[in-house]
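Notes follow once the structure below has been shown.
Side chains included, hydrogens not; waters and symmetry mates left out as well; all remaining heavy atoms used. Here, residue 1 is the first one in the sequence, and each next residue gets the next number. Here the structure is a predicted model, which is why all the values come from computation and not from measurement.
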Amino acid sequence: MKLFSFATAEKRAEYLWVLRAFDHARANYIVLLHAGDVARILDGLAGDDPAGQLGAGDVTPLLEQLHVWEVLERSYDGTRAATLAEYRNRHFVYQFSQAGYQVFRAVEDALAARLDDASLSRLALPDLLADMNDLAAANRAADNDLVYRKLNRLDATLSDMAGRAAQFYLTLGDLVRTTEITPETFMSHKDALLTHMREFSSDLSRYAPKLAAAIALVEDTGVESMVARAAASDERVFLDVEEREADWRARWAGLTHWFVGSEAGPSESERLREGTMSAIAAVLSLLRRVTETRKGGVSRESQLRHLAGWFAATPNEDAAHALFQAVFDLGRPRHLSMVHPDADIIPDTRSWWEAQPVEISRTLAETGRPPSPGLPARVQRNEGSVRRLREEQLTAQRLRAAAAQSLARGGVYERELDESETDVLLSLLNAALTARVPVSGRVKSSTGSENGVKLTLSPHSESTVVHTARGRLHLDGLQVSVR
C-alpha cells in the first residue's frame, strides 16, 4: 500500500501532476525524465491549475519522495553534467516503476470514472464470432502467430464484455434501489435503457448458439495443439513454455464456459441473458413506481419537503421535539424502555438523559428481544452407575430368591436360619401379620408370599421358637410353615 501514499499525501495534487507529466512523456515514447523535463512538460500540461505550476526546484523533492514510495525508479545520467560540480551533484533521471505505473493508472481511472457511464457490449458478439472462425482456420493452417493474436484478441474482447456487463448491472441495481431519482430523469432515459437491454438480450440469444458451434469447430482442430502454438508465439519471456501453455489453457476454458454450458450449470451467456430479462422487469417495476408517484402527487421527496416545512413552522423547540416524536417515534427505543428496579427512586417517566443507567441483558441489547429461559437442559444420565446399580439389584434378588427356596425346602424349625433366610422370614412374617385379623379371641390363619414361596401362620397351643442368625424368634401361639 506504500505505492498509494501519494494519493493521500498533503501534496497529493502536486504528486499527481508530476506523474501525469511522466504519463504524457510515456505516450510520446519518452521514458526517462529529469526534474527540468518534468517542469517543462507541466508548463504546457497543467494549464491554470496552481498545483501544476511547478519549477525544477519544486519538482526535485517530489521526485525523490515518489522514488521512496517506489512509484518511480531512479538512475544516474552522467551525460547531463556539463561541469565537474554538476557531475559531483549527480543528475538523476526518473521513470515509472512497473507497479508504480499500474498504481497511477488505477488512481487516474478512479478519478476519471463516471459511475453512470455503463453499457452492455452487444457489438462485441459479431467480433467474437468472426475471431473464433479465424482461430479455427489459423489452427488448422498451423499459423502460430495468428493463433496467438486471435486468442489474445478473443480474451481481451471477452474480458471487456464481462467487465462492461458487471458495471452495467451494478449501476442498474443502484438506479432501481435509489429513492432520489426524479420522474423527469427516469423518463428521459427509460426508452433508451429498455431498448439497449432488449437489443443486447436479443443479440445474445442469436449469437450464443453460433458461438457455441464456432467453439466446437475450434476444438475439432485440436485444443492442445492450439494452446501449444499460442504459447510458442507468446512473448512473455519470464514464463517458461509450460506456464504459458497452462495460462492459455485456462483462458480457453474460461472462454468456452462463457458460451457452452455444462452439467454443473448453465453458461455465463445464459446467466447474462437471464440477468438482462430480470433487469428489464426491475426497470418496468421502477417505471410503475415512478408513474404511480407522479399520478398520486406524493413521493418521498414531497413528503420530506412537507415535513421540513412543518419543522420550520413549529413555534418553539418543545413543539419541534413533539413533532419529531410523532413522526419518527424514536423517543423510547425498545431497549431503553426498561424500568429501574427501584421505581420509587427512578420513575420510568424521568428522561433517560437524567436517570441512572439500567442493566439490560445481552440478548435484549443485541437482538431487541427479551431474554427467555430457553429450552430445558439435557438430562445427564450416568449410564455406568445405572448399569452397576441394576446389577447389584439383580444379585440381591437372586440371593433373596435362593434364601426363600431354602426356607421352603428345609422349613424354619429344628435348624438355624442364616442371615438371608432370616431376612426373608421376617419379610414374610411382616406381610402375614399385617394381613391377620383377630376374630373372637382366636387367631385365624394368615399367609404371606414372596419370591415364589408362601408363608402360613397357623394357631398353635404353645409358643414356637425359630432359631435365626440374629437370635431366637418366639412366636406366641403361632406356627409357621413355608412352602
Side-chain angles (χ1 to χ4, degrees), residues 102 118-170 172 196-280:
Q102 298 298 330
S119 62
L120 297 170
S121 179
R122 69 182 181 85
L123 298 179
L125 295 173
D127 294 338
L128 284 172
L129 181 60
D131 289 340
M132 204 72 73
N133 293 325
D134 294 342
L135 177 62
N139 194 33
R140 193 179 298 109
D143 190 340
N144 294 357
D145 293 343
L146 187 56
V147 168
Y148 169 72
R149 291 200 303 271
K150 291 300 177 183
L151 265 180
N152 201 14
R153 179 170 167 173
L154 281 170
D155 179 66
T157 305
L158 193 61
S159 299
D160 178 71
M161 184 176 172
R164 283 170 174 260
Q167 184 179 358
F168 179 80
Y169 288 117
L170 284 176
L172 188 62
H196 181 68
M197 288 191 294
R198 187 174 59 251
E199 290 181 352
F200 177 78
S201 178
S202 176
D203 286 354
L204 191 60
S205 301
R206 184 157 55 96
Y207 276 98
K210 297 180 180 178
L211 286 168
I215 289 173
L217 181 63
V218 172
E219 291 183 341
D220 289 340
T221 62
V223 175
E224 288 302 322
S225 61
M226 177 187 67
V227 169
R229 291 188 178 104
S233 296
D234 195 340
E235 296 178 340
R236 291 178 290 180
V237 294
F238 293 104
L239 297 179
D240 56 26
V241 177
E242 288 77 11
E243 290 175 336
R244 291 199 294 265
E245 288 181 354
D247 181 55
W248 283 112
R249 193 176 294 109
R251 294 190 191 192
W252 176 254
L255 193 148
T256 56
H257 180 64
W258 246 84
F259 297 103
V260 180
S262 62
E263 296 179 355
S267 64
E268 291 297 326
S269 63
E270 292 175 351
R271 292 181 180 177
L272 190 61
R273 185 162 55 85
E274 293 175 359
T276 306
M277 300 305 295
S278 301
I280 291 176

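Of the inter-residue distances, the one linking Tyr207 atom OH with Asp127 atom CG reads 9.0 Å to the nearest 0.5 angstrom. Arg149 contributes atom CZ, which lies 11.0 Å from atom CG of Asn144 (distance to the nearest 0.5 angstrom).
Nearest heavy atom pair, residue Ala230 against residue Tyr148, reads O-CD1, 3.6 Å. Taking all atoms of both residues into account, the shortest heavy-atom contact from Ser233 to Asp145 is OG-OD1, 2.7 Å.
Identified under the salt bridge (Lys or Arg N to Asp or Glu O under 4.0 Å) test for residues 207-216, with sequence neighbours left out: none.
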Side chains of residues 217-228: which donor-acceptor pairs under 3.5 Å do they make with residues two or more places apart or in other chains?
residue	atom	partner	partner atom	Å
Thr221	OG1	Asn139	ND2	2.8
Thr221	OG1	Val218	O	2.4
Glu224	OE1	Arg249	NH2	3.1
Glu224	OE2	Arg249	NE	3.2
Ser225	OG	Gly222	O	2.9
Ser225	OG	Arg229	NH1	3.4

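In this structure the side chain of Met132 reaches within 4.5 angstrom of the side chain of Leu255, judged on heavy atoms. Using a 4.5 Å heavy-atom cutoff, the side chains of Asp134 and Leu146 are not in contact. Residues Asp234 and Leu239 fail the side-chain proximity criterion, which asks for heavy atoms closer than 4.5 Å. Using a 4.5 Å cut-off on side-chain heavy atoms (C-beta onward), Asn152 and Trp248 make contact.
Residues Asp203 and Arg206 are paired through a salt bridge, judged by an N-O separation under 4.0 Å between the basic side chain and the carboxylate.
Not one N or O on the side chain of Arg236 forms a donor-acceptor pair closer than 3.5 Å with the backbone of Arg244.
The side chain to side chain donor-acceptor pair (under 3.5 Å) test applied to Arg153 returns Asp131, not counting sequence neighbours.
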Self-check item: Candidate pair Met161 and Leu125, rule side-chain contact (heavy atoms from CB on, under 4.5 Å), full reasoning
Solution: CA-CA 9 Å; Met161 184 176 172; Leu125 295 173; 3.4 Å; yes
